[in-house]
Amino acid sequence: MSETDSRAPQLLGPAQIRALASELGVTPTKVWGQNFVHDPGTIRRIVRIAGVRPAEHVVEVGPGLGSLTLGMLEAGARVTAVEIDPRLAARLPLTAPGDALTVINADAMTVTELPGSPTALVANLPYNVAVPILLHFLATFSSIERVLVMVQAEVADRLAAQPGSRTYGVPSVKARWYGDVARVGTISRNVFWPVPNVDSALVEIKRGEPVSTTASRDEVFALVDAAFAQRRKTIRKALSARVADSAMLDGALAAAGIDPQARGESLAVADFARLAERVRVDRPRG
């Protein structure tokens, strides 16, 4: 153990988690997706899988009472933690004192600037907004090279799904716009307080080369949304509801090398990108 590690605060166990919550008058709320990890072994496992390195700048969303934050600080990282709950945001620097931690009290979906340039996103994401937060941070912070997030197991399956699988959909395609996606672990529900009614899993994203296309990300994503708005319909039928010129749509599908009878579930992100170069789909209002 390094000198830095030996001085780091102890990781939080069940008694410490409950004591902190009691001190702050915090009752975990589903609105903010608050389920706090109280098992140090699980925290160290997550940090290890994430490959957190000494002196690396990591951004964490939803640090809560600080379980994962402490684990990353123990590994020698610099952490910027984004916390929506003002009570938790104010208490976190006392739980994890030192200049390696920066806390931002804000809704993660509104954050567009961070101090420095974080190279990793490591977080236990609130289940109800996990995908929007993940996509927002990947889109907004190009310095993030890799991601390891804990999400609901069902969401993990959707993010990591391959084309043609039953769970493949909008999150699968959009996540792959940024790089390689894989489910890399399962987390027992018993390591949380309160115990959630769902299982959890770890998803890893390694940012890769941008998809080769002249279409913008927004154009591709609008097409993806339209293609999956009517699941199990062919790509032509799904898009015809948003593209008035049927001849133009048929020509675009042919030029992109996409069978009009194929379903969105069978198309990879590169397929959507080729099609988005040839047909424009506006995002629905509202």
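The figures here come from the full heavy-atom set of this structure, side chains too, leaving out hydrogens, waters and symmetry mates.
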Taken to the nearest 0.5 Å, the spacing of R158 CZ from T167 OG1 works out to 8.0 Å
Rounded to the nearest 0.5 angstrom, the CG-CG distance for L275 and L223 is 5.0 Å
*Any salt bridge between K174 and D225, counting N to O under 4.0 Å?*
yes
field: Heavy-atom check, side chain of V79 versus side chain of T102, under 4.5 Å
entry: no
- Using the ring of each side chain (for Trp, its six-membered ring), is W177 parallel, tilted or perpendicular to F221, with breaks at 30° and 60°? perpendicular
- prompt: Should L148 and I49 count as side-chain neighbours, where that means a heavy-atom distance under 4.5 Å?
  reply: yes
Can E60 and T69 be counted as having a side-chain donor-acceptor contact under 3.5 angstrom? yes
What one should report as the nearest heavy-atom pair of A262 and L267 is CB-CD2, 4.4 Å
Closest non-hydrogen contact found for G66 with L92 is CA-CD1, 3.5 Å
Taking the side chain as C-beta and beyond, is there a heavy-atom pair between T119 and I144 under 4.5 Å?
no
Legend entry - Side chains of T112 and F141 in contact at under 4.5 Å (non-hydrogen atoms): no
Item to complete: Measure from the side-chain N and O atoms of N35 to the backbone N and O of P194, and report whether any donor-acceptor pair falls under 3.5 Å.
Response: yes
Looking only at heavy atoms, the pair that brings V281 and A226 closest together is CG1-CB, 3.7 Å
| field | S22 (side chain) donor-acceptor with A19 (main chain) under 3.5 angstrom | value | no
Sidechain-backbone polar pair: R176 side chain, L159 backbone, donor-acceptor under 3.5 Å:
yes
Within a strict 4.5 Å, meaning less than it, do heavy atoms of the I187 and T42 side chains meet?
yes
Hey, mind stepping through L249 and R236 against side chain to side chain contact (heavy atoms under 4.5 Å, CB included) and telling me if it holds? CA-CA 8 Å; L249 176 58; R236 188 187 185 284; 4.1 Å; yes
Shortest non-hydrogen pair, A108 vs F137, comes out as O-CE1, 3.5 Å
For E219 and A215 the tightest heavy-atom approach is OE1-CA, 3.4 Å
d(D250 CG, L253 CG) to nearest 0.5 Å is 6.5 Å
I'd like to check S246 versus S240 (side-chain heavy atoms, cut-off strictly below 4.5 Å). Are they in contact? no
> Checking side chain to side chain contact (heavy atoms under 4.5 Å, CB included) for the pair V147/L138: CA distance, chi angles, key distance, verdict?
Replying inline: CA-CA 9 Å; V147 169; L138 284 168; 3.9 Å; yes
Heavy-atom nearest pair, P63 first then V82, reads CD-O, 3.2 Å
Q) Looking at D199 and R189, does any basic side-chain N land under 4.0 Å from a carboxylate oxygen? A) yes
- Task: Taking D180 for its side chain and R207 for its backbone only, find out whether a donor-acceptor pair lies under 3.5 Å.
- Result: no
Between R263 and R232 (side chain of the first, backbone of the second, donor and acceptor by atom type, cut-off under 3.5 Å), is there such a pair? yes
- Query: Can you find a heavy atom in the side chain of N124 that is under 4.5 Å from one in the side chain of I46?
  - Reply: no
key: Test: E23 and R91 ion pair at under 4.0 Å   = yes
Yes or no on side chain to side chain contact (heavy atoms under 4.5 Å, CB included) for T140 and V111, after CA distance, side-chain angles and deciding distance? CA-CA 9 Å; T140 306; V111 173; over 6 Å; no
Any side-chain heavy atom of V58 sitting closer than 4.5 Å to one from R78?
no
request  = List the steps, then state whether side chain to side chain contact (heavy atoms under 4.5 Å, CB included) holds for K206 with Y178.
outcome  = CA-CA 8 Å; K206 294 181 178 179; Y178 297 101; over 6 Å; no
Rounded to the nearest 0.5 Å, the CG atom of L134 sits from the CD1 atom of I205 at a distance of 4.5 Å
When you compare the side chains of T80 and H57, does any donor N or O come within less than 3.5 Å of an acceptor on the partner? yes
The reported gap from OG in S212 to CD in E277 (rounded to nearest 0.5 angstrom) is 7.5 Å
d(T214 OG1, R274 CZ) to nearest 0.5 Å is 12.0 Å
Residue pairs passing the salt bridge (Lys or Arg N to Asp or Glu O under 4.0 Å) test with at least one member in residues 135-151, sequence neighbours excluded, are E56-R146
When you measure from the side chain of S67 to the backbone of V37, do you find a donor-acceptor pair of N or O atoms at a distance under 3.5 Å?
yes
Quiz item: Hey, is the main chain of E154 close enough, under 3.5 Å, to the side chain of Q152 for a donor-acceptor pair?
Solution: no
